[in-house]
Amino acid sequence: MFNKRTKIKALLATEPAGQEVTVMGWVRTFRNNQFIALNDGSTNQNLQVVAALGLLDDETLKRITTGTSLKVVGELVVSQGKGQKSEVKAVSIEVLGDCDSEQYPLQLKNRPSLEYLREIAHLRFRTNTFGAVFRIRHSLAFAIHKFFNDKGFIYLHTPVITASDAEGAGEMFRVTTLPFDNPPRNDDGSINFKEDFFGKSTNLTVSGQLEGELAAMAFSDIYTFGPTFRAENSNTTRHLAEFWMIEPEMAFYDIEDNMNLAEEFIKYLIGYVMSNNREDLVFLAQRLADEEKQLPQDKRSEFGLIEKLIFVQSNAFERITYTEAIDILLNSSHYKKKKFQYEVKWGIDLQSEHERYLVEKHFKKPVIVTGYPAAIKAFYMRMNDDGKTVAAMDILAPGIGEIVGGSQREERYNNLVERMEAMHVPVEEMQWYLDTRRFGSVPHAGFGLGFERMVQFVTGMTNIRDVIPFARTPKNCEF
RNA sequence: UCCUCAGUAGCUCAGCUGGUUAGAGCAUCUGACUGUUAAUCAGAGGGUCACUGGUUCAAGUCCAGUCUGAGGAGCCA
């Protein structure tokens, strides 16, 4: 009958009137042999459980240490102490699971570092910081489904295993059942994938977009939200080998509609978290402010976390073309003082330093850049009338960089084939994709939002490994 | 993958231009106290100085390599 218990979040929201309650959770601290700070993950707030002197025998008292799980039955009463409104006066306390304090690595008074907590990712959920981060991560995931559901989008499950490596979005993880010490080979020595499980070479998906486009050509509006895999040897604060991505795809949308949707989407997500995870945001904002106090003045951010979110939510994103972006960079004093490490000229891919200058120094808010040179963008992006640029859009966020990448898709069969050939994409293997352009093709567009980057942006966590429960990065696949 | 920095007690760190038995705070353990808020007070235990090799009378400290981590770059979401 565990279901009779009340969660601490609900309990703290009710008026204390001496009513009997059952609570269960894990001990955060045990003060003065009397006061147990109990947490069950429903909220960052701890519940104070008071074990009156004499209630417990010495044996039981000794078992109550940080990390121990308890079942407490008692009365919800007005607290006599100052730190909390209400508390539970225990009638009985049962130890559900002991926690050996000599072995338990999470003594919270030690202020463990984020790096250390990553090594004990199975326990870090029990900290205030990660409690807040993962409750917000959940809220964002829920808000994503709500946003699209309310707009009549279909949630499409695109495959995790794919045969196409055509998108060129990065290095892929191979999926195979062939013995790697002695695989079957062709006469020329290459591996014979006809013998493999699927009868061809297969990989983990790097994007669900192409499949998403197929469904959009029937449902009008779809979105995907699933895991994505990139085998890049990236060691940065914003890359993972396994991450989650949201990819909406909309028929009868042009690049303008696409930008409008993406901006509305991001603002909606921020608004949702601000009204549903206030307490967690306040905690993270405080954490961030404390952390920034350690930094030299010029490295501190202008806004607190919540001010930043309000600002982003209530101001229009700046929209500029790639060509305008290059002009801004070329005319900047930063450029004239030769402070950019990389060359700036039309045709280059914008470097991190360029994006950061535009977003953090020049506009100081999210920027949507459109109209990139065709040569530096993917084959499926729609060629503009100038014949040089494509209808691509990247949304750059302060502190994170590229958070959204999208485009209007090339819906004209001949133009698409031409682009594929120019970029050496195997046309024959992609006929299933090209067929959508043969049978009732329509203008359409879509984008990809990096879920973890969005969680980073909202929580202010600076390392992407701290916003996913179990991070997969080069040389790290624990748990 | 490249560049830079780091690895000393369970955690966070100090340890100077190489020199006796490697320190602190917190945690842990023992005891005291008992309306505490990261409870407090007293005492105790706790170390392969990442690993391998080298230089030296002598290495936590200097050198080389390896591993791991962090930050930045590239790739991108």
Side-chain angles (χ1 to χ4, degrees), chain A residues 28-37 45-54 61-62 65-67 77 79-84 87 89 99-120 127-128 167-171 206-209 225-247 262 299 341-342 349-356 376-378 394-397 400-406 447-457 462-468 471 473-476 478:
Chain A
R28 282 288 174 85
T29 65
F30 185 22
R31 291 182 295 267
N32 220 344
N33 265 4
Q34 273 185 91
F35 304 98
I36 301 165
Q45 307 284 354
N46 297 328
L47 174 72
Q48 173 152 292
V49 172
V50 185
L53 292 175
L61 272 178
K62 280 194 174 174
T65 60
T66 301
V77 296
S79 178
Q80 292 175 37
K82 287 213 174 77
Q84 56 283 315
E87 65 192 20
K89 203 171 129 192
C99 184
D100 183 347
S101 44
E102 279 189 77
Q103 309 251 336
Y104 191 52
L106 246 194
Q107 299 296 343
L108 297 176
K109 276 169 77 172
N110 277 335
R111 297 281 160 107
S113 65
L114 295 176
E115 290 83 6
Y116 171 66
L117 291 170
R118 262 173 236 155
E119 292 170 18
I120 50 167
T127 64
N128 284 331
E167 213 213 338
E171 293 296 308
V206 292
S207 164
Q209 179 202 317
F225 183 8
T228 309
F229 308 88
R230 305 267 168 96
E232 302 285 351
N233 193 4
S234 298
N235 292 289
T236 76
T237 53
R238 54 190 189 284
H239 288 89
L240 292 164
E242 177 184 288
F243 63 99
W244 289 64
M245 185 156 64
I246 300 99
E247 296 180 288
K299 292 249 173 115
Q341 198 187 331
Y342 290 87
D349 210 349
L350 295 177
Q351 303 289 319
S352 278
E353 58 173 355
H354 304 142
E355 295 182 349
R356 276 218 306 279
I376 59 171
K377 287 291 181 182
D394 282 358
I395 301 185
L396 311 174
I400 311 281
E402 186 177 339
I403 195 165
V404 162
F447 61 85
L449 172 79
F451 183 53
E452 282 76 18
R453 289 187 184 175
M454 189 66 203
V455 180
Q456 273 188 280
F457 186 73
T462 51
N463 193 314
I464 199 165
R465 291 158 217 176
D466 294 328
V467 298
I468 189 165
T473 52
K475 299 283 184 291
N476 177 19
E478 283 301 306

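The sequence lines fix the lettering, A, B, ..., with proteins before strands; numbering per chain opens at 1.
- The side chain of A/Arg238 contributes no N or O atom lying less than 4.0 Å from OP1 or OP2 of B/G71.
- The side chain of A/Thr29 lies closest to B/A38, out of B/C11, B/A73, B/A38.
- At the phosphate of B/G74, OP1 or OP2 sits under 4.0 Å from a side-chain N or O atom of A/Gln351.
- For a distance-only test at 3.5 Å, the side chain of A/Ser234 qualifies as a donor-acceptor partner of the base of B/C75.
- Relative to the side chain of A/Ser79, the nucleotides B/U36, B/G71, B/G74 differ in distance, and B/U36 lies closest.
- In this structure, the nucleotide among B/U1, B/C75, B/U28 sitting nearest to the side chain of A/Glu102 is B/U28.
- By the criterion of a centre-to-centre distance under 5.5 Å and near-parallel planes under 30°, the ring of A/Phe35 forms no stack with the base of B/A39.
- In the set B/A27, B/A70, B/A77, the nucleotide with an atom closest to the side chain of A/Arg465 is B/A70.
- Rounded to whole Å, atom P of B/A39 lies 12 Å from atom CD of A/Gln84.
- For B/C76, its base sits under 3.5 Å from the side chain of A/Arg453 at one donor and acceptor pair at least.
- No donor-acceptor contact under 3.5 Å links the side chain of A/Glu232 to the base of B/U1.
- Considering only the side chain of A/Asn110, B/A27 comes nearest among B/G69, B/C76, B/A27.
- Residue A/Asn235 places a side-chain atom within donor-acceptor reach of the base of B/U1, judged by atom type and a 3.5 Å distance cut-off alone.
- For A/Arg28, there are no salt bridge (Lys or Arg N to Asp or Glu O under 4.0 Å) partners at least two apart in sequence or on another chain.
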Bracket notation of RNA chain B in which parentheses pair within the strand, [ ] cross earlier pairs, and | pairs with another strand (Watson-Crick or G-U, under 3.5 Å): (((((((..((((.....[...)))).(((((.......))))).....(((((..]....))))))))))))....
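- With respect to A/His239, the side chain to side chain donor-acceptor pair (under 3.5 Å) criterion is satisfied by exactly one of A/Asn235, A/Thr237, A/Thr236: A/Thr236.
- Taking only side-chain atoms of A/Gln107, from C-beta outward, the nucleotide of B/U37, B/G35, B/U28 with the closest atom is B/U28.
- Within 6.0 Å of the NZ atom in A/Lys377, the count of heavy atoms belonging to other residues, nucleotides or ligands exceeds 12.
- Between the side chain of A/Gln80 and the base of B/G35, at least one donor-acceptor pair of N or O atoms lies under 3.5 Å.
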